[in-house]
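As a basis for the values below, the full set of heavy atoms in this structure was taken, side chains included, without hydrogen atoms, waters or symmetry mates. The shown structure was predicted, so the numbers you read here are calculated from the model rather than taken from an experiment.
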Amino acid sequence: ATTYEVQVRAYCADRIYSDWTNAVSFTTDMCMPEDQCEITFELTDSWGDSWNGAYIAVVDLATGIELAQMTNENLNGTSGSGENELNTKTLAVCNGREIQFVWHTGSYDSEASYVVYDVNDEVIFSGSGAMSEAVTYTVNCTETDCRKPSDFVASEIGKRSVVLSWTENGSATEWVI
């Protein structure tokens with residue numbers, strides 16, 4: 001991504017030019033759309049009234065450009081309902097780029113919780129309240145059909161037996177325990 005500031009003027013005749021236009025500023029894309037994938041943000045507010053100014057900044061480390069400010073918004077229109085409000089958002093990021101997630105404080109950070117997933121629904125990071133330090137992640141857009149199972153639990157635990165269960169997230173028909 002490169003930022004340009006450009007002006008133009010007319011060439012009218014031999015060494016005769018118009019005045020310059022006002023400058024136009026723009027930044028080129030960091031990568032082609034085919035080199036992008038989406039990361040997913042699940043942003044929850046436990047009181048149900050948004051993150052009150054708090055957000056997670058997503059920064060490209062090579063350029064220092066802030067790609068997005070991810071926050072929980074009061075989408076259901078209630079204020080202080082005491083009900084969890086979940087916002088799910090996605091962000092297109094460039095394969096191979098190193099990005100950083102940085103917490104910016106709001107009024108009631110303790111109400112905030114977050115989970116960020118990669119293209120394969122693997123957790124990049126999660127937490128609640130203000131992040132104590134930034135998280136750095138190198139984007140990998142390679143999708144796989146062999147995803148790890150989720151919701152793995154042990155139940156009906158006996159002296160010599162246990163029931164193990166999980167949710168298959170790909171196309172596997174066999175598993176190793």
Side-chain angles (χ1 to χ4, degrees), residues 1-3 27-154 165-172 175:
T2 305
T3 300
T27 302
T28 58
D29 292 336
M30 288 189 197
C31 63
M32 300 298 290
E34 59 268 20
D35 295 327
Q36 295 179 352
C37 59
E38 289 187 338
I39 55 176
T40 303
F41 294 77
E42 290 182 352
L43 310 170
T44 304
D45 182 79
S46 64
W47 190 246
D49 64 347
S50 84
W51 278 5
N52 302 295
Y55 63 93
I56 298 172
V58 185
V59 179
D60 179 84
L61 284 180
T63 63
I65 293 173
E66 186 175 88
L67 305 175
Q69 293 181 359
M70 304 307 260
T71 189
N72 177 285
E73 301 162 290
N74 186 9
L75 298 177
N76 65 14
T78 62
S79 182
S81 65
E83 296 179 17
N84 286 343
E85 181 168 7
L86 171 66
N87 291 186
T88 301
K89 301 178 178 189
T90 59
L91 177 65
V93 291
C94 298
N95 190 39
R97 301 293 291 206
E98 198 170 43
I99 58 176
Q100 193 167 61
F101 304 91
V102 182
W103 182 263
H104 290 265
T105 299
S107 298
Y108 298 95
D109 291 351
S110 62
E111 297 175 5
S113 60
Y114 37 86
V115 184
V116 181
Y117 300 93
D118 71 7
V119 69
N120 290 304
D121 297 322
E122 296 286 337
V123 174
I124 297 170
F125 73 97
S126 64
S128 60
M131 296 166 55
S132 58
E133 58 187 48
V135 173
T136 302
Y137 171 70
T138 301
V139 178
N140 181 353
C141 290
T142 304
E143 293 188 56
T144 179
D145 287 331
C146 190
R147 296 182 179 187
K148 75 177 180 183
S150 61
D151 305 317
F152 184 48
V153 294
S165 62
W166 58 86
T167 300
E168 171 54 36
N169 293 311
S171 57
W175 301 268

Name every donor-acceptor pair, under 3.5 Å, that has one atom in a side chain of residues 56-69 and the other anywhere in the protein, sequence neighbours excluded.
residue : atom : partner : partner atom : Å
Asp60   : OD1  : Arg97   : NE           : 2.9
Asp60   : OD1  : Arg97   : NH2          : 3.2
Asp60   : OD2  : Ala62   : N            : 3.3
Asp60   : OD2  : Thr63   : N            : 3.0
Asp60   : OD2  : Thr63   : OG1          : 2.9
Asp60   : OD2  : Arg97   : NH2          : 2.8
Thr63   : OG1  : Ile65   : N            : 3.1
Glu66   : OE1  : Gln69   : NE2          : 2.8

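- Listed by chain and residue number, Trp103, Asp109 satisfy the side-chain contact (heavy atoms from CB on, under 4.5 Å) test with Thr105 (two or more places apart in sequence, or in another chain).
- Side-chain contact between Met70 and Tyr114: absent, with no pair of heavy atoms (C-beta onward) separated by less than 4.5 Å.
- In this view, Ser107 and Asn52 satisfy the side-chain contact (heavy atoms from CB on, under 4.5 Å) rule, not counting sequence neighbours.
- Scored by the side chain to side chain donor-acceptor pair (under 3.5 Å) test, Thr142 finds Asn140 as partners (sequence neighbours excluded).
- A search for side chain to side chain donor-acceptor pair (under 3.5 Å) contacts involving Thr144 returns nothing, not counting sequence neighbours.
- Legend: residues meeting salt bridge (charged side-chain N to carboxylate O under 4.0 Å, His left out) with Glu122, ordered by chain and number and at least two apart, are Lys148.
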Report all side-chain donor-acceptor pairs from residues 33-41 shorter than 3.5 Å, counting only partners two or more places apart or in another chain.
none

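- For Thr3, the side-chain contact (heavy atoms from CB on, under 4.5 Å) partners at least two apart in sequence or on another chain are Ser25, Thr27.
- Taking the side-chain contact (heavy atoms from CB on, under 4.5 Å) definition, one finds that Asp121 meets it with Arg147, sequence neighbours left out.
- Applying the side chain to side chain donor-acceptor pair (under 3.5 Å) test to Tyr137 and every residue at least two apart in sequence or in another chain returns nothing.
- Under the rule for a ring-ring contact (aromatic ring centres under 6.0 Å, His included), the partners of Tyr55 that lie at least two apart in sequence or sit in another chain are His104.
- Listed for the Asp145 side chain is no donor-acceptor partner under 3.5 Å among the backbone atoms of Ser171.
- Remark: Asp29 pairs with no residue by the salt bridge (charged side-chain N to carboxylate O under 4.0 Å, His left out) rule, at least two apart or across chains.
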